[in-house]
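One structure below.
Each ligand, and each atom within it, is numbered from 1 in the order the structure gives. Each residue takes its place number in the sequence, starting with 1.
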Amino acid sequence: MPYKILFVCLGNICRSPAAENIMNHLIAEANLKDQIICDSAGTSSYHIGAPPDPRMTAAAKARGMTFVGKARQFQKLDFEKFDLILAMDRENYRDILSLDREGKYKHKVKMMCDFCTKYKDKEVPDPYYGGPEGFNYVIDLLMDACNGLLKYIVSNCLKEVV
Ligand code: 4NP
């Protein structure tokens with residue numbers, strides 16, 4: 001069974017699809033496509049069905065990456081389906097856990113920036129209402145967090161195949 005990760009933001013058109021696509025690039029580079037699966041979702045229903053924001057896609061393209069995806073809303077069933085759920089900011093974290101009244105899945109939900117090794121940020125800033133520099137910053141920050149996350153998963157979560 002592959003290890004399953006879900007990235008979550010508010011709209012699922014900027015930050016979480018960027019995290020998902022960047023993580024998939026790193027997973028492919030590390031030849032771990034059979035072992036780790038990524039998805040993303042939004043806590044809101046605002047953009048259901050929409051592709052990643054064109055400003056995010058443009059920022060990614062400038063670095064040689066193609067971002068794909070279709071927005072969907074986070075649902076309770078995701079707690080069961082995924083091994084690890086990464087919130088981009090504290091509001092996302094709270095909104096995710098508001099669907100887990102009993103705290104049964106709290107151990108699966110973590111903050112994305114906890115995996116940063118270079119950046120000091122505690123949250124991935126929402127770039128939606130800002131200029132293009134915000135999108136570039138989110139990509140740089142997520143590169144750092146995704147690298148740290150991949151190292152963590154490889155060290156702690158993958159089953160050894162002997
Ligand atoms: P995201 O960014 O949560 O990173 O996808 C946003 C997208 C849309 C909105 C806010 C943030 N919005 O208010 O529509």
Side-chain angles (χ1 to χ4, degrees), residues 3-28 36-101 105-150 152-153:
Y3 190 78
K4 300 194 191 72
I5 317 168
L6 182 67
F7 300 97
V8 180
C9 62
L10 176 63
N12 193 210
I13 54 169
C14 299
R15 293 164 292 174
S16 62
E20 177 192 353
N21 279 280
I22 289 169
M23 195 66 184
N24 275 331
H25 277 271
L26 298 180
I27 289 168
I36 310 170
I37 289 177
C38 300
D39 191 11
S40 65
T43 56
S44 78
S45 60
Y46 305 157
H47 298 278
I48 290 175
D53 188 291
R55 296 167 294 173
M56 187 55 91
T57 319
K61 203 173 170 198
R63 289 137 190 267
M65 289 185 288
T66 305
F67 282 5
V68 295
K70 189 171 165 216
R72 72 170 180 89
Q73 190 169 18
F74 181 83
Q75 49 177 22
K76 263 184 154 178
L77 201 60
D78 289 320
F79 286 123
E80 293 282 348
K81 285 188 182 169
F82 291 89
D83 299 300
L84 185 60
I85 298 167
L86 280 319
M88 298 298 130
D89 64 30
R90 292 186 188 95
E91 183 181 275
N92 306 148
Y93 183 83
R94 276 194 301 272
D95 289 342
I96 293 164
L97 287 180
S98 71
L99 296 175
D100 175 34
R101 295 280 178 213
Y105 302 102
K106 193 166 186 280
H107 64 285
K108 289 191 177 187
V109 187
K110 295 188 195 299
M111 293 290 290
M112 188 65 184
C113 286
D114 288 354
F115 295 95
C116 284
T117 60
K118 299 189 180 86
Y119 285 77
K120 301 286 176 225
D121 301 58
K122 294 292 171 209
E123 305 181 284
V124 182
D126 183 350
Y128 191 69
Y129 291 107
E133 68 286 350
F135 290 83
N136 287 322
Y137 187 78
V138 166
I139 291 183
D140 290 336
L141 181 60
L142 287 174
M143 275 288 188
D144 184 26
C146 284
N147 269 306
L149 178 62
L150 185 59
Y152 166 83
I153 292 169

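Put simply, the side chain of V124 reaches to within 4.5 Å of the side chain of C113, judged on heavy atoms.
In terms of modelled atom types and a separation under 3.5 Å, the side chain of D144 and the main chain of K118 share a donor-acceptor contact. In this structure a side-chain-to-backbone donor-acceptor pair under 3.5 Å is missing from Q73 to G42. Between the side chain of K108 and the backbone N or O of F82 there is at least one donor-acceptor pair closer than 3.5 Å.
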Check ligand 1 against the protein and report each N/O to N/O distance under 3.5 Å, formatted as atom name, atom name, distance.
| residue | atom | partner | partner atom | Å |
| --- | --- | --- | --- | --- |
| ligand 1 | 2 (O) | D126 | OD1 | 3.4 |
| ligand 1 | 3 (O) | L10 | N | 2.9 |
| ligand 1 | 3 (O) | G11 | N | 2.8 |
| ligand 1 | 3 (O) | R15 | NH2 | 2.9 |
| ligand 1 | 4 (O) | R15 | N | 2.9 |
| ligand 1 | 4 (O) | R15 | NE | 2.7 |
| ligand 1 | 5 (O) | G11 | N | 3.4 |
| ligand 1 | 5 (O) | N12 | N | 3.2 |
| ligand 1 | 5 (O) | I13 | N | 3.0 |
| ligand 1 | 5 (O) | C14 | N | 3.0 |
| ligand 1 | 13 (O) | Y129 | OH | 3.3 |
| ligand 1 | 14 (O) | H47 | NE2 | 2.8 |

With side-chain contact (heavy atoms from CB on, under 4.5 Å) as the test, would you mind laying out the steps for F115 and N147 before giving the verdict? CA-CA 8 Å; F115 295 95; N147 269 306; over 6 Å; no
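Geometrically, R15 does not engage Y128 in a cation-pi contact defined by less than 6.0 Å to the ring centre and at most 45° from the axis.
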